[in-house]
Each structure stands twice: as C-alpha cells, then as structure tokens.
Amino acid sequence: MTPQTLYDKLWSSHVVRQEPDGTALIYIDRHLVHEVTSPQAYEGLKLAGRKPWRVDSVVATADHNTPTQHWDSGIKDPISRLQVETLDANMREFGAKVYFPFRDQRQGIVHVIGPENGATLPGMTVVCGDSHTSTHGAFGCLAVGIGTSEVEHVLATQCLVQKKARAMLVRVDGRLGRGVTAKDIILAVIGKIGTAGGTGYAIEFGGEAICALSMEGRMTICNMAIEAGARAGMVAPDETTFEYLRGRPFAPKGELWDRAVAYWRTLNSDPGARFDRVVELNGADIQPQVTWGTSPEMVDTIGGRVPDPAAIADPVRRGSVERALKYMGLEPNTPIGQIRVDKVFIGSCTNSRIEDLRAAAAIVNGRQVAKNVKLAMVVPGSGLVKRQAEQEGLDKVFRAAGFEWREPGCSMCLAMNDDRLEPGERCASTSNRNFEGRQGTGGRTHLVSPAMAAGAAIAGHFVDVRKDF
Amino acid sequence: MEKFTRLDGLVAPLDRANVDTDAIIPKQFLKSIKRTGFGPNLFDAWRYLDQGEPGMDNSKRPLNPDFVLNQPRYRDARILLARENFGCGSSREHAPWALMDYGFRAVIAPSYADIFFNNSFKNGLLPVVLPVQAVERLFAEVAAAPGYRLVIDLEAQTVTSPQGQVDRFDIDPFRKHCLLNGLDEIGLTLQRAGEIRAYEAKHKSTQPWLFA
C-alpha cells in the first residue's frame, strides 16, 4: 500500500463522499463554538427552520468579549453583553455537549478548554469559527478554522465541504537551547517560509525538537500554523499525548480508552510518505525571536536589528517594511534589544497554559516590573489553568513583581474587551498577531515567548533571557 | 446567497500586500450579531482619522484624505484590486460581509488567505486570482485612467479591460456553479443526508469513543 501521511489518514477516515473534481464532504467530530462567530449561524439555522445535526458534538464557551476583571459586575459594554447573552440563549434553545458560560469555573479560551477537558482527541476532525482552531492539531487531529457560513453548515449537516490540501512537513531536528521555546520555533518557521508560505497546505510538524515538546508546546506551534497561512497544523500523537489526555473529563475510559489508544498509535506518517514540500530547521540553531513589524513574518532574533528598507530591492516588500516601521515607530537598524515596551501581555490561545505561566514566572520570580512598564498582565487561558497556577503559587510570584493577575479570556490578544493598547503604546505580547490595531487602535505589538515577555517586563526592553536571567 | 454572473464595475486599487482581516474590519465591530451594516466600518482604521467604535455616526467622522477609498474618483467602486495574501489572519466572515456591504462584489489579487477566500464564495463575493504580472499591469492602468472599469464575466472566466485586453482566470467548477446560481450549500449537502447517516453509523462502530 502507498505510504500515507498523517494528514492522508485523517482526511480519508472522514470522507463521507467525494466528487470526481476532488470536492469532498468531510464529517466533523467536534464543533467548538464561541460568541463572536456563531450568532449569525444560529440565526441562519432558525430562519431556514433547520435543527443541529448532532448537538453532542458541540462544545461551547464565551471567551472573546468577556472581561478579565470585576466579574461580579458582569459585562459592562452592552454590545459585548448582548453577544454573550445571545450565545447563552442559543445554547438554551439548541443545546450542546457542554457549555462553559461566562464566570463558569471551567470557562476559558475555546482552544484551551477543548484540550484540557479531553474534548479534543487524536484522530478527530475539529472545527471552530476561529482561525486558531489549528491549535487542536497538536493532538493529531485535523483541525481547521472556518467562517460563520461554515459554522452554520456544520451545525446543519455535521459536514464541511472541502478539497484536500497539499501536505507540508516542517521538520525540526536537534535540541532546543536553554531559554528557547515552542514559540521561538514557530516564529522562526514563519520567518523562514512567510505568512503565505503554508497557504493551501496542511502542515505536519515533526522531528526531534517537536517530539520533545510537551502538549502545551505543541499547541503553541500548531496554533500559529495559520500565521504561516496553513489552515491546519498537526503533530502525530505519542505517549506525551496519551499521558496528557488520560483521565480528562471527556477522554474515553476503561476498555474504550485502550481501544482508542491502539487506534491513535496508527496515526502517524508512514515511512516514505510523500510530502509536497519539506522545510527543515535545526532546533539547536533557533534563537529567541521578537517580531519588529506588522506581520508575524517580520521577525528576527533577540540579537538582530530592525531592517533597513533602503537595503530591500523588491518594491512591494520595501513598501511593506517602510509602512511597518512607520506604524511601529521604529528606526531602521535599531538593535532589537534596545526596543523599550510600555505594556506586557502574557496570555492568548497561543501562550496561556500552565507551562507558559510557569516559564514566565521563573523569569519574574523575586524581581520587579520595570518603572517604564505601565501595565504587565497575566491572563490565564482558562479557569482551570488559573486555579492550577494559584495552587502552585504562580499568582503570588506575578503579583509580587507588579503584574496584574486576571480572569481568563482572549483579552488583549484581540482587544474585544476592555484590555487594549492605547495609540502608540508598545507591547511585548505572547499572542499570535502583530497586525496594525490588533491589540487596540494604533497599538504596537511585538510577538515573543512567555519567557521573553517576562524578561521584557522586568528589564523594560527586550532582553535575551538566556543571558540576563 | 446572491448570484454572481457578470460585473461591470469601477476599480479601486489597494496597493498593499498581506492585507489582514483585522484591517478589513477591526474587532470592535465584530460584536454585532447581524450579517449586515459593516460597510461604513470597512478598513475603519485606515479610512477615518479618529478611533472608530460601534454606534458612532460614521457620516460625522473625519475621513483620512490619503486613504484610497476616500478619493472621489473611486467612489462607488465595485471591484477591489489588491496584492498578495489578501485577507490573511482571522476567520471572521465579517470581512467579506463588510466588503459586500460597502458595495464591492469582486476582489482581484494574485493570492488570498485560505479562509477569507472560502468565506467570500459563501457570500457572493468573487475573489479573482490573476498572475502577479497581470495585477501589476492593472495597478498601472487604474492609476493612469480615472473612471477605470473592468468587466468580470464569471461564466467565461474573464476580466476585460477598457482597451479590450482579456485576462482569463481559473475557478473551482463547483464554486462557480454555486455562485452563478446563488445556491444554498446547506440545502445541497442535506440532499446527501442518507450518506452522512451511513457514514456516521460506520464511524460510530469503529470509533465509539467519539460518540460517548
């Protein structure tokens, strides 16, 4: 038999029907729902008099609009509140396997709560009206972000109309140096292939450095596959995956667990499987990364400098860099390590899990946030992450250093709630997008790992956490 | 979904690569629970000089005179000419909703981000892919000729310039069929309900833990 990639296996096991031109109906096992991209889908369902196909595939939460402080006073912004209440109402009317509403102990970012509750399992197809659905591929799932029309389509039919993507392997061999993390790997990959490098592909991440990562690290990598243009990123499941899942609320139990694991062990790319493109990096060469521009591909190492547009020949690229530097308020050739920050945000579906908070706390421990930093905040990815961090005393470490310790949610990754940058403010952020205005109109975002964000908070500017801590 | 057959429209050029969906429709406007009304906030941060929030009277806000869509010659444009990787970033379908609500019916670019591309078809917004050289030529022609229009014929898969130069474009036949006829994709899929049920039963027997 022809050797198959992990993607081939996930795809072929979910094809309900395929047309001669390759257009396929793909069956969806898990549908994650949040308040921003679902109201129009439920409305569409109602207007057409349709019912959800399989309510027990739906796992829902409110995360994008929810405040991260003063939970007792509810959601102040009436428009945000209406959106969250609309989700509440849709859940009452249509139902779900489980719904974690605002203020529930298990509420949190949709891409954090799925895995931590065992609602994301190897071999599944997972969709959500959110581009960072690629996160779930860390478990060996086929997980893709979809638009609202597709949310409605999946609710009504349990299927997605798709054409098979091409397969890319990103192999990272070698061992990461101390202080270098999953975030640095994925930023280095995006720096290498560009934000459109993965367009039309499903990316499998493999190699020694990927296998050595925890599930948290793998989720960080797959989360940002979309920033490389790929709708899906994935890692083959292994013992690390099974250990993470064992005993989680929605993970199979007993005899079913054994059967599931036996199946999950088959979910990897066969030796000799063909990829349309292979990208290789040596983990030992990867340095801590910092973005300097307004696209995640505008990235360099902590030892690098802001580029000089005058040295760029291609006019479209030169124009992009000029515009980015103007927006970011940066001079060409500035050493990255001299860029000072006004705010620090540790959170988002990329980096808000327990391991991320531990890595940041290890840097912060016993130190103080620099005077020029107006706000340093930690927003745990979920209520469960928050509770665990508190049990480990991480909240005390952060608070003692001058960080704010907030309630879970998407928060300043996209600033739909009150957490945002003011015009001109510069932020070291563990999130995933440094687009213009992403963290607040006129705000300037530099993407970094949790350790590097913590280092910037303490030093007041970007620093090499390998040397200075 | 609105049908798309033939469009004869004024062209507006947006000369930037990697235009992301946060730029197309900033997040503060995603709080709406409707599909309509996003047009006045299309490209909000570039289009206005002040900070836009939901509920503002957009007609009273100061316009950025440098932004291309604010130039009188591009008023009532129906076709947006753009560069590589248009629509990257978030999956928000509010991006094609905003483009449509503003009045655009088609975008022409060398490449698009996957999710945006997909979302556009679901709403009757045609994302035309042309080679970089052709897009480059169109940018030059738009700049040189006020009132520049293009004719996009979906059936023939052509973009025709005022001088009669024709660029052919490729499109997935199923998507073309749906756009030409304004078909409801959910309705089409539900015609396969029997096959979906059969698949589901088999899937449940091989991976019962997915249904527990």
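Throughout, protein chains are lettered first and strands after them, A, B, ... in sequence-line order, and every chain is numbered starting at 1. All figures in this text were calculated on a predicted structure; none of them were measured in a lab.
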Stepwise, does the salt bridge (charged side-chain N to carboxylate O under 4.0 Å, His left out) test hold for B/Lys122 with B/Glu185? CA-CA 8 Å; B/Lys122 315 280 180 190; B/Glu185 227 178 69; 2.9 Å; yes
Checking salt bridge (charged side-chain N to carboxylate O under 4.0 Å, His left out) for the pair B/Asp50/B/Arg61: CA distance, chi angles, key distance, verdict? CA-CA 7 Å; B/Asp50 63 347; B/Arg61 295 176 58 198; 3.0 Å; yes
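Your options are A/Thr148, A/Asp29, A/Thr195, and the one with the most heavy-atom pairs under 4.5 Å with chain B is A/Thr148. Heavy-atom pairs under 4.5 Å with chain A peak, among B/Lys27, B/Glu200, B/Lys34, B/Gln51, at B/Lys27. Chosen from A/Arg323, A/Glu43, A/Glu227, the residue pairing most often with chain B at heavy-atom distances under 4.5 Å is A/Arg323. For the set A/Lys253, A/Arg317, A/Arg420, A/Glu152, the entry with the most heavy-atom pairs within less than 4.5 Å of chain B is A/Glu152. For chain B, the option among A/His132, A/Met124, A/Arg54 with the highest count of heavy-atom pairs below 4.5 Å is A/Arg54. For the set B/Ala45, B/Ala23, B/Ser90, the entry with the most heavy-atom pairs within less than 4.5 Å of chain A is B/Ser90. Your options are A/Leu25, A/Thr294, A/Ile226, and the one with the most heavy-atom pairs under 4.5 Å with chain B is A/Leu25. Counting heavy-atom pairs closer than 4.5 Å to chain A, the top-ranked of the candidates B/Cys88, B/Ser32, B/Pro26, B/Pro96 is B/Ser32. With chain A as the partner, the residue from B/Leu210, B/Leu30, B/Leu188, B/Asp15 showing the most heavy-atom pairs under 4.5 Å is B/Leu30. For chain A, the option among B/Leu190, B/Asp20, B/Asn85, B/Asp172 with the highest count of heavy-atom pairs below 4.5 Å is B/Asp20. Chain B forms more heavy-atom pairs under 4.5 Å with one residue of A/Glu436, A/Arg50, A/Arg259 than with any other, namely A/Arg50.
At a 4.5 Å heavy-atom cutoff, A/Gln162 makes no contact with chain B through either its backbone or its side chain. With a 4.5 Å cut-off on non-hydrogen atoms, B/Gln207 touches chain A through its side chain but not through its backbone. Contacts between A/Gln40 and chain B at a heavy-atom distance below 4.5 Å involve backbone atoms as well as side-chain atoms. Of the two parts of B/Asp44, neither the backbone nor the side chain holds a non-hydrogen atom closer than 4.5 Å to a non-hydrogen atom of chain A. Proximity to chain B (any heavy atom under 4.5 Å) is restricted, for A/Thr86, to the side chain, taken from C-beta onward. Only the backbone of A/Val15 comes within contact range of chain B, with heavy atoms under 4.5 Å apart. Within the 4.5 angstrom heavy-atom criterion, atoms from both the backbone and the side chain of A/Phe435 approach chain B. Using a 4.5 Å cut-off between heavy atoms, A/His14 touches chain B through backbone and side chain atoms alike. Interface remark: B/Ala193 contributes backbone and side-chain atoms alike to the contact with chain A (heavy atom separation under 4.5 Å). Neither the backbone nor the side chain of A/Asn432 has a heavy atom closer than 4.5 Å to any heavy atom of chain B. Heavy-atom distances place the side chain of A/Pro423, and not its backbone, under 4.5 Å from chain B. Proximity to chain A (any heavy atom under 4.5 Å) is restricted, for B/Arg192, to the side chain, taken from C-beta onward. Both the backbone and the side chain of A/Leu256 come within contact range of chain B, each with at least one heavy atom under 4.5 Å from a heavy atom of that chain. Residue contact with chain B, scored on non-hydrogen atoms closer than 4.5 Å, involves the side chain of A/Val316 exclusively. A/Arg438 touches chain B through backbone and side chain together, each having a heavy atom under 4.5 Å away.
Ring geometry for B/Phe117 against B/Phe121 counts as perpendicular: the plane angle is over 60°, on a 0 to 90° scale with 30° as the lower cut. By the 30° and 60° cut-offs, the orientation of the rings of A/Tyr27 relative to B/His203 is perpendicular. Ring orientation note: the planes of B/Trp209 and A/Trp264 are nearly perpendicular, at an angle over 60° on the 30°/60° scale.
What you find for A/Ser149 and B/Asn123 is that their closest heavy atoms are OG-ND2, 4.2 Å. Counting all heavy atoms, side chain and backbone alike, B/Arg168 lies closest to B/Leu130 at O-CD2, 3.7 Å.
In B/Asp170, the CG atom is not crowded: 12 or fewer heavy atoms of neighbouring residues, nucleotides or ligands sit closer than 6.0 Å. Counted within 6.0 Å of NZ on B/Lys204, heavy atoms from surrounding residues, nucleotides or ligands total 12 or fewer; the atom is thus considered open.
Side-chain contact between A/Trp53 and A/Leu155 is absent, with no heavy atoms from C-beta onward closer than 4.5 Å.
Under the 3.5 Å distance criterion, the side-chain polar atoms of A/Thr23 are left unmatched by any main-chain donor or acceptor of A/Glu19.
Seen from the ring of B/Phe67, B/Arg47 does not count as a face-on cation partner, given the 6.0 Å and 45° thresholds. Cation-pi geometry between B/Arg83 and B/Phe139 is met: the NZ or CZ atom falls under 6.0 Å from the ring centre, inside 45° of the normal. A cation-pi geometry, defined here as NZ or CZ lying under 6.0 Å from the six-membered ring centre and within 45° of its normal, holds between B/Arg16 and B/Trp46.
Counting only residues at least two apart or in different chains, side chain to side chain donor-acceptor pair (under 3.5 Å) contacts with residues 106-119 of chain B comprise A/Glu150-B/Asn118, B/Asn118-B/Arg175.
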